[in-house]
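Below: the structure, in structure tokens.
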Amino acid sequence: RRVIRFALGRIKFGAGTTAVAPGDGPGVVTGTVTPEESSLTPIAQIDGSVTILRITDIQPYEKNPRQAANPLFDTIKASIRQRGMDAPLKVTRRPDATHYVVAAGGNTRLLAQLQLWQETADPRFETLPVVIKAWRSESDVLAGHLIENEQRADMTFWDKARGVVALKTELEQERAA
């Protein structure tokens, strides 16, 4: 059993991986990573690994198909202020990049927590749990965002249409390379 410590309570992450909050009982079996250790370190490169990163080490995906503001932004921000991040963000890093990007949905949650960090400097908003996803391709990340945005909240017709056209273009470019 793999256990990871961070301040969100006890959370199951598939395949028997459990996250345990600091006050949740005796010791951590394996996988304890402090924010200082986790930021841009080799452990963060293992596909599917769960770690904690500083909010400033992650950037929104600049090709996110959702261009219209998420109408639930204020609700999401209030929820994060009250309870913290409910679920880890999926992040990835392009080859030779120094920062991570959101890999499949979650740009709104990232921006809400970043605003909270900037407004309050409260240490609980400085870091967040993430699941590392190995970089595969630009089209893989774009497809992940299209799927997540559609599942979590209604996207505008135009955002969907532009996203599908952008995905088609990325796939054609990757196929030609």
Side-chain angles (χ1 to χ4, degrees), residues 1-64 66 70 72-136 140-141 144-145 147-149 151-152:
R1 185 174 92 150
R2 182 171 178 197
V3 179
I4 298 167
R5 189 180 293 270
F6 58 91
L8 285 181
R10 186 175 292 276
I11 302 173
K12 283 290 223 181
F13 294 109
T17 302
T18 305
V20 180
D24 241 9
V28 173
V29 179
T30 64
T32 301
V33 179
T34 67
E36 293 77 25
E37 295 168 332
S38 70
S39 183
L40 303 174
T41 62
I43 191 169
Q45 297 309 303
I46 301 169
D47 193 30
S49 66
V50 178
T51 192
I52 298 173
L53 293 176
R54 286 184 185 90
I55 190 92
T56 54
D57 289 339
I58 308 166
Q59 295 181 358
Y61 181 57
E62 68 278 1
K63 296 181 182 182
N64 185 16
R66 181 191 301 279
N70 188 332
L72 300 175
F73 181 84
D74 291 334
T75 303
I76 292 167
K77 184 176 175 182
S79 174
I80 292 171
R81 181 187 308 274
Q82 181 180 13
R83 299 185 338 224
M85 192 78 71
D86 282 341
L89 289 178
K90 292 179 188 170
V91 298
T92 190
R93 187 164 60 177
R94 291 177 178 98
D96 302 321
T98 59
H99 65 276
Y100 291 89
V101 293
V102 178
N107 286 304
T108 300
R109 292 183 290 147
L110 176 68
L111 292 172
Q113 184 158 329
L114 180 60
Q115 274 189 11
L116 289 167
W117 166 242
Q118 291 169 339
E119 291 167 3
T120 68
D122 186 329
R124 67 191 178 113
F125 301 126
E126 181 182 11
T127 61
L128 67 158
V130 298
V131 176
I132 302 297
K133 186 176 178 197
W135 178 262
R136 289 179 180 76
D140 182 64
V141 177
H145 280 277
I147 292 165
E148 284 292 321
N149 284 331
Q151 289 176 347
R152 291 188 182 273

Going through the distances and angles, do Leu128 and Ile55 end up as a side-chain contact (heavy atoms from CB on, under 4.5 Å)? CA-CA 7 Å; Leu128 67 158; Ile55 190 92; 3.6 Å; yes
Tell me, which pairs form a salt bridge (charged side-chain N to carboxylate O under 4.0 Å, His left out) where one or both residues lie in residues 95-111, sequence neighbours left out?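 Residue pairs with at least one partner in residues 95-111: there are none.
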Can any side-chain N or O of Gln113 pair as donor or acceptor with the backbone N or O of Phe125 at less than 3.5 Å?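 A pair under 3.5 Å: yes.
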Any side-chain to backbone donor/acceptor pair from Asp47 onto Ala134? Under 3.5 Å, distance only.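 Confirmed, Asp47 side chain pairs with Ala134 backbone.
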Residues in side chain to side chain contact (heavy atoms under 4.5 Å, CB included) contact with Asn107, at least two apart in sequence or another chain: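 Only Pro60, Tyr61, Asn64, Val102, His145 meet the side chain to side chain contact (heavy atoms under 4.5 Å, CB included) criterion with Asn107.
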Do Leu72 and Thr108 touch side chain to side chain, with heavy atoms closer than 4.5 Å?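 Of all side-chain heavy-atom pairs linking Thr108 with Leu72, none is under 4.5 Å.
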Just wondering, do Ile132 and Tyr100 contact through their side chains at under 4.5 Å, heavy atoms?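 Yes, their side chains come closer than 4.5 Å.
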Would you name the heavy atoms of Thr120 and Leu116 that are closest together and state the gap between them?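 Scanning both residues, the minimum pair turns out to be OG1-O, 2.6 Å.
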Does Arg93 form a side-chain contact (heavy atoms from CB on, under 4.5 Å) with His99? I'd like the steps, not just the answer. CA-CA 6 Å; Arg93 187 164 60 177; His99 65 276; 6.0 Å; no
Output all residues satisfying side chain to side chain donor-acceptor pair (under 3.5 Å) with Thr92, sequence neighbours left out; order by chain, then residue number.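 Not a single residue meets the side chain to side chain donor-acceptor pair (under 3.5 Å) criterion with Thr92.
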Sequence-distant partners of Asp122, side chain to side chain donor-acceptor pair (under 3.5 Å), two or more places apart: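 Only Arg124 meet the side chain to side chain donor-acceptor pair (under 3.5 Å) criterion with Asp122.
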For residues 73-82, please give each side-chain donor-acceptor pair under 3.5 Å, one per line with the distance, not counting sequence neighbours.
from: Lys77; atom 1: NZ; to: Gln115; atom 2: OE1; distance (Å): 2.8
from: Lys77; atom 1: NZ; to: Glu119; atom 2: OE1; distance (Å): 3.3
from: Lys77; atom 1: NZ; to: Glu119; atom 2: OE2; distance (Å): 2.7

Using side-chain contact (heavy atoms from CB on, under 4.5 Å), reason through Trp135 and Asp140 one step at a time and then give a plain yes or no. CA-CA 8 Å; Trp135 178 262; Asp140 182 64; over 6 Å; no
Nearest 0.5 angstrom please: Thr98 OG1 to Gln59 CD, how far?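 The CD atom of Gln59 is 7.5 Å from OG1 of Thr98, to the nearest 0.5 Å.
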CD1 of Ile58 to CG of Leu53: how many Å apart, nearest 0.5 Å?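 Rounded to the nearest 0.5 Å, the CD1-CG separation comes out at 4.5 Å.
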